Amino acid sequence: MTPEELSAAIATCLQDAIASGELSVPAEAVPRQLRVDRPKSRDHGDWATSIALQLAKPAGLPPRKIAEALSSRLAGIAGVAKVDIAGPGFLNITLDASAAGGLAQVIVQAGVAFGTNDSMAGRKINLEFVSANPTGPIHLGGTRWAAVGDSLARIFQSQGGDVTREYYFNDHGNQIDRFARSLLASAMGLPAPEDGYGGVYIEDIKDRVLAVEPAILDLAEAEAQERFRAVGVDLMFGDIKESLHNFGVSFDVFFHEDSLHQDGAVEALLEQLKKSDNLYFHDGAWWLKSTDYGDDKDRVVIKSDGNAAYIAGDIGYFANKRARGFDLNIIMLGADHHGYVARLKAAAAALGDDPDTIEVMIGQMVNLLKDGAPLRMSKRAGNVVTLEDLVDIVGTDAARYSLARFSSDSNIDIDLDVLTKRSNENPVFYVQYAHARTAAVARNAAAAGVDRSGFDAGALNHPTESELLAVLGQYPGVLAQSAQFREPHRVARHLEVIAGAYHRWYDACRVAPVGDEEITDLNRTRLWLNDAVGQVLANGLGLLGVSAPDRM
RNA sequence: GCGUGAGUAGCUCAGCAGGAUAGAGCGUCCCUCUCCUAAAGGGAAGGUCGCGGGUUCGAAUCCCGCCUCGCGCACCA
């Protein structure tokens, strides 16, 4: 029995109590989702609910009275062995060992489907992340989003969501010109332009452009710069796509900002905004009245030089996504872009659309520590640490896991020295090891002749088994919450909890018989549990894009 | 100044649609392999949950104020 199933059963009991007139609670006071928690102390049963305390005020009754009204009904739920009223009115529920143990079989039979759900079915979700400019390699901030964004996409899919992973290439505007000029300067042996880019990767791209077009420097300067732009940006695109692919992230759409300008989409939308009186002309530029829609200040959409400002592309891009049918557009941005949120939503509102179809996730910075001191990074100076650097140092699994296990809201410090040690300070090893251990136990069980031909749910009654079953049962709920709050780190953290419970169980309970002991249903049932743990760990690691090795 | 994120154990961080004695990993100190992977497990030490008010039967969690730190506040993208 999972906590969700128990919760649903308790909700039914509550409805019964209300219907029978025993309890009088205003409908709006009844929580839609009735929570059951795992108590910290084993003396408080397997699961507990504080529903009686929550309903005391709206029902106008002492909480213990409510608890009493509910406890006899809860005791009647199939699989519930005992219900106690404790403290101010907690309801502590103890399950039959057989009801709790049945979960092991349920999980094995569900396989990869265990934990999945259809709560997001029918939702067409566009998940835009990384979107690093094609003027350099993916830096650490982008790497964090690659790990978090791809995991979130997988989690949405596990909940039935229809997800499109999308990468927006800002290949329009003068940063690309700066990139081209930087390549040209490098090829001519000049220092990087004042507003340009430097560093080894510029040298590298320059060399590769020259390899493709050896005569490029014989062209007139403007023409040479254009060739550097065209070929250089292409090479950069290729590098970025390859890095992401090697990182296990497959984007469905690489969207080029330039295409919005090429096909006239942006121009048409700006005309529409002019007609709807959402744009005005001032100081030689066209401004969006974004303050009418909650922004701090109005924003220039067409600069006085006649060129489209950056937000013009965003307006076109949003309209494009909506035209493609996405009802939820999640955009992941770094903390240095959080000022965008208001203007993006304002732009949506100005178009007459629903700003709530846009959700912006802001990820805080990743700081690197080297020799215990913060490492300052600058793309211009060229001392960036890239996705590839990180993968070279710690590998894809550790990189993805260590970035995904933190809340995006917190700044994280990654100590290169620690990660270079490849010690088990990285929890990914702890979780992967637990998975490898389940595989080893299964191999040994098979060699000893233990199979899953028998199952006695009631036999899983050791304290470590009760704990292990409980945390396995929480997995679907953790997944659902992870999707709801867009927080993949909840999955990672719960895997660590499961791994810990598994290691403790392993220490206390054997699957394979010792020596020539007779094989019983206890051995077989424990094999079910062992395999269930392996399944859940593999499912969870899969959602994080991390491998689940059978041997380590 | 305004906006925004953070402040929880020595370190890195969970927990925050309020719940019973605040957690994990690492680090420190003990202990456990004749027994399926000791890359593990058990135990100990270690906390005014930034500070001050408020709401509540109950606050790390919600509200208000303050302090400190990160990030942002362009006709750059």
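Numbered from 1 within each chain, the chains take letters A, B, ... in sequence-line order. Just so you know, these numbers come straight off a predicted model, no measurement behind them.
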What pairs of nitrogen or oxygen atoms, one from the protein and one from nucleotides 57-63 of chain B, lie under 3.5 Å apart?
none

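- Among the heavy atoms of the strands, none lies under 4.0 Å from A:Arg526.
- Look at A:Lys297 and A:Asp295 and you find no salt bridge, because none of the NZ, NE, NH1 or NH2 atoms lies under 4.0 Å from a carboxylate O.
- A gap of 9 Å separates the C1' atoms of B:U8 and B:C13, to the nearest Å.
- Going from atom OH of A:Tyr401 over to atom P of B:G25 covers 12 Å, rounded to whole Å.
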Taking protein heavy atoms under 4.0 Å as touching, what does nucleotides 4-16 of chain B look like 5' to 3' if B marks base contact, S marks sugar-phosphate-only contact and - marks none?
SSS------SSSS
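- Pairs passing the ring-ring contact (aromatic ring centres under 6.0 Å, His included) check and including a residue from residues 496-538 of chain A, sequence neighbours excluded, read A:Tyr430-A:His503, A:Tyr433-A:His503, A:Phe455-A:Trp528, A:Tyr502-A:Trp505.
- Side-chain atoms of A:Ser482 never come within 3.5 Å of backbone atoms of A:Val478 as a donor-acceptor pair (strictly under, hydrogens ignored).
- For A:Lys321, the side chain to side chain donor-acceptor pair (under 3.5 Å) test picks out A:Glu128, with sequence neighbours left out.
- In this structure, B:C67 shows a glycosidic angle more than 90 degrees from zero, which is the anti conformation.
- Between the CZ atom of A:Arg437 and the P atom of B:A39 there is a distance of 8 Å, rounded to whole Å.
- Remark: RNA chain B takes part in the stems B:1-7 with B:67-73, B:10-13 with B:23-26, B:28-32 with B:40-44, B:50-54 with B:62-66, each of 3 or more antiparallel Watson-Crick or G-U pairs, criterion distances under 3.5 Å.
- Ring pair A:Phe169/A:Phe237 is tilted by interplanar angle, where 30° to 60° counts as tilted.
- Between A:Phe255 and A:Tyr167, the ring centre distance reaches or exceeds 6.0 Å.
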Output a table of donor-acceptor pairs, distance under 3.5 Å, between side-chain atoms of residues 282-289 of chain A and any protein atom two or more places apart or on a different chain; print 'none' if there are none.
from: A:Trp287; atom 1: NE1; to: A:His282; atom 2: O; distance (Å): 3.0
from: A:Lys289; atom 1: NZ; to: A:Asp277; atom 2: O; distance (Å): 3.3

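- Residue A:Ala508 is out of contact with every strand shown, counting any heavy-atom pair closer than 4.0 Å.
- Distances shorter than 4.0 Å separate none of the side-chain N or O atoms of A:Tyr310 from OP1 or OP2 on B:A74.
- Across all strands shown, A:Ala434 has no heavy atoms under 4.0 Å from either base or sugar-phosphate atoms.
- Nucleic acid contact for A:Val514: none, since no nucleic acid atom lies under 4.0 Å from a heavy atom of the residue.
- Within residues 288-301 of chain A, the residues having any heavy atom under 4.0 Å from RNA chain B are, by residue number, A:Lys297, A:Val300.
- Every pair tested for salt bridge (charged side-chain N to carboxylate O under 4.0 Å, His left out) that includes a residue from residues 427-440 of chain A fails, sequence neighbours excluded, so the list is empty.
- Residues A:Asp46 and A:Thr94 have side chains that never bring a donor and an acceptor to within less than 3.5 angstrom of each other.
- Pairs engaging residues 439-452 of chain A under the salt bridge (charged side-chain N to carboxylate O under 4.0 Å, His left out) rule: A:Asp451-A:Arg524, A:Arg452-A:Asp531 [sequence neighbours left out].
- For residues 474-501 of chain A, the set of pairs meeting the ring-ring contact (aromatic ring centres under 6.0 Å, His included) definition, not counting sequence neighbours, is empty.
- Residue-to-nucleotide proximity on RNA chain B shows that, of A:Glu257 and A:Asp550, the 5′-proximal contact is made by A:Asp550.
- With hydrogens and angles left out, the side chain of A:Tyr433 and the base of B:U37 share a donor-acceptor pair within 3.5 Å.
- Using a 4.0 Å heavy-atom distance criterion, A:Ala512 is classed as a base contact.
- The side chain of A:Arg443 lies closest to B:U37, out of B:U37, B:A17, B:C71.
- You'll find a donor-acceptor pair under 3.5 Å spanning the side chain of A:Asn92 and the base of B:A20, going by distance alone.
- Among the protein residues, A:Ala445 comes within range of no part of the nucleic acid, since none of its heavy atoms lies under 4.0 Å from any strand.
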Which pairs of donor and acceptor atoms, one on a side chain in residues 64-71 of chain A, lie under 3.5 Å apart (sequence neighbours left out)?
from: A:Arg64; atom 1: NH1; to: A:Gly87; atom 2: O; distance (Å): 2.6
from: A:Ser71; atom 1: OG; to: A:Glu68; atom 2: O; distance (Å): 3.4

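- Whole-Å rounding puts the A:Phe429 CZ to B:A39 P distance at 14 Å.
- Residue A:Tyr430 places at least one side-chain N or O closer than 4.0 Å to OP1 or OP2 of B:G41.
- Distance A:Ile302 CD1 to B:A74 C1': 17 Å, rounded to the nearest Å.
- If you check every strand for non-hydrogen atoms under 4.0 Å, A:His172 touches sugar and phosphate atoms only.
- Distances were taken from every side-chain heavy atom of A:Lys40 (C-beta onward) to each of B:A39, B:A22, B:C75; the shortest belongs to B:A22.
- B:C64 and B:C73: their P atoms are spaced 26 Å apart (whole Å).
- Applying the side chain to side chain donor-acceptor pair (under 3.5 Å) criterion to A:Arg486, with sequence neighbours excluded, gives A:Glu359.
- Put simply, CG on A:Asp298 and OG1 on A:Thr291 are 3.5 Å apart, with the number rounded to the nearest 0.5 Å.
- Atom CG in A:Asn367 sits about 16 Å away from atom P in B:C69, given to the nearest Å.
- Residue contacts shown for A:His503 are limited to sugar-phosphate atoms, with no base heavy atom under 4.0 Å away.
- Under the 4.5 Å side-chain criterion, counting only non-hydrogen atoms from C-beta, A:Ile51 is in contact with A:Leu55.
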